[in-house]
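Please read the structure below before turning to the comments.
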Amino acid sequence: MLLAGVDFAGSSHTVARSLIGVTLLVDGVGGRIVETEAYDRDDPASHTFAGPTARNAVMFGTPAHAYVYRSYGIHWCLNFVCREAGHGAGVLIRALEPTMGIDRMQLRRGLDDPRLLCSGPGRLGQALAIDHGFNGLPLDVPPFLLLAAPTDRPAAEVSEGPRIGISKAIDTPWRFGEAGSRFLSKPFNAGNTPARARDA
DNA sequence: TCCATGATTACCT
DNA sequence: GGTAATCATGGAT
């Protein structure tokens, strides 16, 4: 289950980290993945925590497939299924650095600023025209195309931190991102915490 | 059949 | 900096 240099049979944390730097294209539109989040079966913040349902069935299926869900009744969010078939783990794609089809993304988003095209899971879904019809599609055939990070350049430094927008397991550092990227949905603070104590 | 909830974003002051 | 918008899902009734 190797695709674009990423072993989708691995743990969601490993896959989430490995995906940073991989190029994701949907119908020729997309860019480099700069931010992801891992969700696992025994994870209170995961859609699969309470067991299989009609909505999350895809996450209990074959790895390297797309799991798409509606968020807050407004946004479409894109996840990649990982681990072994039937496990119920996935990786949320949170942000891209736009590289291909930027004009089409600008049209879909109604914006010009490249930094606002894909910096957030809902924005990314709108820019790539993701909807429920993509749920369950395999990632190794069109309209999806995953390209491994270039090997002739050093891999990007990956930051990690707590996940965003969840109410459970909020301290688990399963958010990953390219250090210093301007295309993140939010900056990472790891390493920037002042040394002085904040309380006694 | 009804109701509470959320892996978010945009717009208001 | 705060809050409204908006609806599919899933568990309760």
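Side-chain atoms are counted along with the backbone in the values below, which use heavy atoms only and exclude waters and symmetry mates. Every chain is numbered from 1 and lettered A, B, ... according to where its sequence line falls, protein lines coming before strand lines.
- Within the nucleic acid shown, A:R175 has no heavy atom closer than 4.0 Å to any nucleic acid atom.
- Applying the 3.5 Å distance criterion, the base of B:dA7 shares no donor-acceptor pair with the side chain of A:H75.
- Note on A:D43 versus A:R163: salt bridge recorded, some NZ/NE/NH1/NH2 to OD/OE distance being below 4.0 Å.
- With centres under 5.5 Å and a plane angle under 30°, the ring of A:Y39 is stacked against the base of B:dA7.
- Within 4.0 Å of A:L92, counting heavy atoms only, lies at least one base atom of the nucleic acid.
- Of the side-chain N and O atoms in A:R70, none sit less than 4.0 angstrom from OP1 or OP2 of B:dG6.
- A salt bridge links A:R104 to A:D27: one of the charged nitrogens lies within less than 4.0 Å of a carboxylate oxygen.
- Comparing atom distances between the A:T53 side chain and each of C:dG10, B:dT8, C:dG11 picks out C:dG10 as nearest.
- For A:R94, the listed nucleotide lying nearest its side chain is B:dT8; candidates were C:dG10, B:dT8, B:dT9.
- Which of C:dG10, B:dA7, B:dA10 sits closest to the side chain of A:Y69 comes down to B:dA7.
- Among B:dT9, C:dA5, C:dG10, the nucleotide with an atom closest to any side-chain atom of A:I74 is C:dA5.
- Side-chain nitrogen and oxygen atoms of A:R55 include none within less than 4.0 Å of the OP1 or OP2 phosphate oxygen of C:dC7.
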